[in-house]
Amino acid sequence: MTGDNNPTVLTTCPYCGVGCGVAATACDTRGDQAHPANLGRLCVKGAALHETLGAEGRLLAPFVNGQEASWPQAVTAVARAIRESVARHGPGSVAFYLSGQLLTEDYYVANKLAKGFIRTPHVDTNSRLCMSSAVAAHKRAFGGDLVPGCYEDLELANLLVLAGSNAAWAHPVLYQRMQASARPGRRVVVIDPRKTATSDLADLHLALRPGTDTLLFNGLLCWLVDNDAVDLDYLADHCQGFDQSLAAARAEAADLASVARGCDLPVDDVATFYQWFAQEPRAVTAFSQGINQSSAGTDKGNAIINCHLATGRVGKPGASPFSLTGQPNAMGGREVGGLANTLAAHMDYDSPGARERVARFWGTDAVASGPGMKAVDLFDAVGRGEIKVLWIMATNPAVSLPETGRIREALARCPTVIVSDCIRHTDTARYADILLPAAGWGEKDGTVTNSERCISRQRRFLPLAGEARPDWWIISQVARALGHDAGFDYPGPADIFREHARLSGFENAGERFFDISGLAGLSEEQYDAFEPRQWPITRVLARDSRRLFTDGRFATADGRGRLVPVVSRLPARALSGDFPLIVNTGRIRDQWHTMTRTARSSRLLAHRPEPFIEAHPEDIRTRSLVPGALATLTSAHGRFVGRVRATPDQRPGEVFVPIHWNDEFTGQGLATALTDSLVDPLSGQPDAKQGHATLTHWPAAWHGRMLVRRDRPKRWTADYWARQTLADCDSWIVAGRSPADWRTAVTDWLGGPPQLVMEDVRAGRFRAARLRNGQLEAVLMVDPEPDALPSMDWLASCFSHPELDDNTRRGLLAAKAVDGDDAGNLICSCFQVGDRQIQKAIGRGADSVAALGRELQCGTNCGSCVPEIRNLLLAATEAV
Ligand SMILES: Nc1nc2c(c(=O)[nH]1)N[C@H]1C(S)=C(S)[C@@H](COP(=O)(O)OP(=O)(O)OC[C@H]3O[C@@H](n4cnc5c(=O)[nH]c(N)nc54)[C@H](O)[C@@H]3O)O[C@H]1N2
Ligand SMILES: Nc1nc2c(c(=O)[nH]1)N[C@H]1C(S)=C(S)[C@@H](COP(=O)(O)OP(=O)(O)OC[C@H]3O[C@@H](n4cnc5c(=O)[nH]c(N)nc54)[C@H](O)[C@@H]3O)O[C@H]1N2
Ligand code: SF4
Ligand SMILES: [Mo]
């Protein structure tokens with residue numbers, strides 16, 4: 001800490017599972033130079049954290065049935081609902097839906113209250129949608145939910161296989177580490193049906209048919225055997241299940257040609273991948289949602305792990321399977337036992353003696369009797385009316401669960417929905433009977449665990465916003481109102497952490513690898529000063545915890561790793577004539593999930609300001625669609641309207657849509673309206689990567705841009721809209737299906753009569769601006785062609801002029817920046833460089849990413865825009 005007014009506090013980023021250390025003040029966030037995950041680096045989301053911290057839009061007080069309430073009133077209301085429901089319908093009528101974005105301390109207390117004191121087994125988490133297939137695969141193979149490797153392995157590997165991971169956008173700092181460790185002979189294989197920003201790093205990109213990963217890795221297992229590349233000693237000494245697994249693989253993947261056919265890949269590419277894998281002992285396969293979010297996700301995970309066990313490449317430097325976790329505390333949640341099928345501290349309900357042990361430790365008579373319902377089943381039960389009280393914390397299921405229409409009906413039906421969130425308006429909050437204001441990042445203290453099992457502190461450096469309170473405090477207050485004073489009288493998060501650490505070592509003679517009992521005695525000061533450390537951290541031995549299973553001993557009863565026989569399986573729902581396209585869904589670079597935080601930063605929203613649909617040019621042509629125009633995807637459950645992006649990076653017959661937009665930010669942009677509730681039978685994880693839909697033109701009669709100075713009342717609606725938050729104004733990209741008579745409507749749109757007006761009635765062009773004291777107050781631009789309109793950034797910049805000059809007035813009427821200062825669509829978020837600027841610099845002779853970096857700075861900070869800069873360079877050379 002420094003001694004000035006704005007002390008720097010070391011904390012951890014609240015976004016992805018990389019878990020970067022952040023040196024934060026209220027007005028700045030930088031990379032923590034000493035944090036082992038990032039060594040000073042941050043991606044653009046982390047670097048923009050301070051822009052998302054304002055009080056605007058925050059939930060600042062509890063609400064009970066729509067009325068603002070005090071904390072005692074809100075706590076009483078929650079406790080009453082739970083008590084009455086338990087009395088009338090039993091403990092199973094109460095459910096908790098938690099999140100990998102809770103801190104470990106919050107999570108621990110929620111799990112303890114639910115399973116140990118209310119005794120409902122129905123505690124699940126959004127990690128079900130995220131990591132549960134990897135968890136199930138780990139348990140099958142290793143006997144526990146254990147990630148063997150560490151980040152350094154991604155750098156040490158001479159062969160880096162990225163399966164179903166767009167790390168360049170989803171784990172940017174890890175991707176930077178992978179980039180920085182490039183060297184002659186280091187090879188990267190990307191396995192993803194789409195060509196992504198991550199493919200930029202690939203020596204080989206396998207754009208396989210979606211869902212065929214198991215076939216590909218089964219083929220690899222056969223190839224390894226046929227080419228004497230398996231480690232027979234390792235298999236004999238440390239594994240089980242090899243023969244059966246090989247037999248299963250042989251049955252479908254005996255020869256290259258059948259694998260290539262099934263995966264829809266060139267035979268040579270498959271052979272190259274197999275050769276590289278066979279030759280290179282230092283191989284890491286990092287996998288993420290392209291593997292997990294599948295109706296066969298657990299099998300996919302085990303198909304990968306099988307190949308690593310067969311070659312003895314588990315838990316060795318530069319050699320391991322590596323599950324990249326999504327959320328900042330996905331791992332912490334797994335550690336406390338937040339999933340419905342787990343109990344606590346890596347103990348399952350069926351672990352011998354576990355229920356009694358946990359009950360004894362918690363000082364309660366009994367814990368819930370067996371596994372609870374997993375997320376999709378849980379919401380089905382809510383829909384059937386079986387769950388009477390549902391407490392949702394730090395997740396937005398009305399957006400993130402599949403078949404969102406059904407989820408919303410279930411929420412509407414549930415007698416008491418309690419939502420703890422930091423944000424006032426979310427799609428889920430609309431269904432809340434009780435809203436509880438949670439402290440946000442920077443306002444609370446606790447710990448998170450990242451993808452490499454590294455526990456880091458999140459530290460407080462801001463005052464609590466309004467009446468917001470940390471989640472652990474809220475849960476403890478409710479517990480005490482329910483009469484459980486003794487178990488929940490925590491003075492602070494350090495006490496909870498110590499208890500959690502103690503439980504991990506309680507009656508644990510080494511059979512549970514998750515053991516952090518070495519931290520059970522941390523003093524308050526030590527907890528405050530705690531530096532990032534990987535578990536296990538036991539009392540007795542201070543062994544190197546960077547890697548697990550280094551000695552070939554696994555967490556199974558006999559200590560052997562298990563190869564699991566798997567055969568590939570595509571989703572049960574096949575394509576039909578009505579819905580002929582596969583809908584792939586995923587992340588974009590600058591947004592975080594349902595946008596509640598990242599959309600508050602205007603520069604983060606500039607990269608992709610609207611929902612979009614990426615499709616192959618062929619699919620666009622055959623449907624007579626126009627790139628840059630709007631289109632509709634229709635599934636059996638709903639619709640998605642977004643802007644068409646034509647790209648050969650997409651396989652024909654498949655489209656990609658982002659998961660981020662929701663009813664707060666657009667009219668119809670829910671990716672989950674297109675995906676099914678089809679789950680993996682073992683993990684219960686929904687298949688979020690294979691929805692089915694049909695794609696049609698959205699007939700727009702006009703396109704518009706609408707910007708109004710912040711917080712002016714809105715008196716208009718449009719058939720299509722996408723909201724943006726820009727520096728001084730609220731802004732919308734809009735479109736309508738039928739021609740509008742602007743002369744009569746414009747006062748409503750602008751909030752008053754305009755001073756500048758230009759109209760070309762026949763051509764359907766209209767521009768109007770309203771000024772107040774010479775300053776821009778509102779502007780509306782309408783055109784039949786979306787491309788004819790200027791960039792939002794330039795329009796927004798006009799709001800910062802204290803008085804509009806002549807040039808800008810002329811520009812507003814002409815709908816373009818007169819002096820050409822329109823940067824275009826944002827490419828580099830760090831330095832705010834747009835595509836028009838880059839194109840101009842290329843025109844002036846900048847002929848490489850480095851040259852552009854020197855001239856414009858673009859791409860020189862976090863580097864996540866480099867693939868896009870390269871595409872602009874490529875497009876410019878192709879155009880010549
Ligand atoms: N910017 C940003 N970063 C994030 C997040 C965010 O919201 N925004 N969220 C975080 C979270 S919680 C998570 S879980 C991670 C997710 O991180 P990732 O898993 O890397 O991200 P996704 O975009 O969901 O999906 C990855 C890729 O899987 C591919 N895929 C689809 N189907 C298949 C298939 O059948 N096989 C294979 N091999 N690949 C397939 C998709 O085309 C996509 O490119 O990101 C984390 N990081
Ligand atoms: N189609 C499709 N669906 C998907 C996915 C996909 O790829 N495709 N990905 C899935 C995955 S991997 C994930 S992880 C989920 C993510 O989906 P969600 O978890 O639903 O998304 P978030 O926007 O992260 O929701 C977090 C909420 O918690 C609030 N919040 C933030 N910090 C705190 C806090 O400290 N306390 C409390 N109480 N609240 C807080 C935020 O404001 C926000 O409303 O989506 C899943 N759904
Ligand atoms: S890589 Fe992940 S943890 Fe690191 S700064 Fe970016 S979002 Fe935060
Ligand atoms: Mo996730």
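All ligand and atom numbering here is 1-based and tracks the order in the structure. Everything numeric in this text was worked out from a predicted model, so none of it was measured.
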Requested in this report: Using distance alone, determine whether Gln327 and ligand 2 share an N or O pair under 3.5 Å.
Outcome: no
Query - Min N/O separation Thr585 to ligand 2 under 3.5 Å - result: yes
Requested in this report: Run down the list Gly290, Gly100, Ser451 and name the one with the heavy atom closest to atom 28 (O) of ligand 1.
Outcome: Gly290
Query raised in the report: So is Asn38 in contact with ligand 3, going by heavy-atom distances below 4.0 Å?
Result: no
**Report entry** Selection from Gly211, Ala170, Ser199 by shortest heavy-atom distance to atom 47 (N) of ligand 1
**Finding:** Ala170
Query - Selection from Ile582, Asn166, Val44 by shortest heavy-atom distance to atom 20 (O) of ligand 1 - result: Asn166
Query raised in the report: Just which atoms of ligand 1 are under 4.0 Å from any heavy atom in Arg589?
Result: 1 (N)
Query raised in the report: Between Cys13 and ligand 3, which part of the residue brings a heavy atom under 4.0 Å of the ligand: side chain, backbone, both or neither?
Result: side chain
Query raised in the report: Is there a heavy atom in Arg209 that sits closer than 4.0 Å to ligand 1?
Result: no
Report task. Output the list of atoms in ligand 1 that are nearer than 4.0 Å to some heavy atom of Gln591, sorted by atom number. Result -> 1 (N), 2 (C), 6 (C), 7 (O), 8 (N)
Query raised in the report: Does a side chain donor of either Ser829 or Arg589 reach within less than 3.5 Å of an acceptor in the other side chain?
Result: yes
Requested in this report: Tell me which one of Ser400, Cys16, Ser132 gets a heavy atom nearest to atom 45 (O) of ligand 2.
Outcome: Ser400
Query raised in the report: Under 6.0 Å between the ring centres of Phe461 and Trp441?
Result: yes
Query raised in the report: Is there any N or O on Ser99 that sits under 3.5 Å from an N or O of ligand 2?
Result: no
Query raised in the report: Got an N, O or S from Cys20 under 2.8 Å of atom 4 (Fe) of ligand 3?
Result: yes
Query raised in the report: Looking only at N/O atoms, are Lys444 and ligand 2 under 3.5 Å apart anywhere?
Result: yes
Query raised in the report: When only distance counts, is Thr672 in polar contact with ligand 2, meaning an N/O pair under 3.5 Å?
Result: no
Report task. Decide if atom CZ of Arg30 counts as having more than 12 heavy atoms of other residues, nucleotides or ligands within a radius under 6.0 Å. Result -> no
**Report entry** Pick from Ile659, Thr598, Asp687: the one approaching atom 6 (C) of ligand 2 most closely through a non-hydrogen atom
**Finding:** Ile659
Requested in this report: Look at atom 15 (C) of ligand 1 and find which of Lys195, Arg587, Lys45 reaches it with the closest heavy atom.
Outcome: Arg587
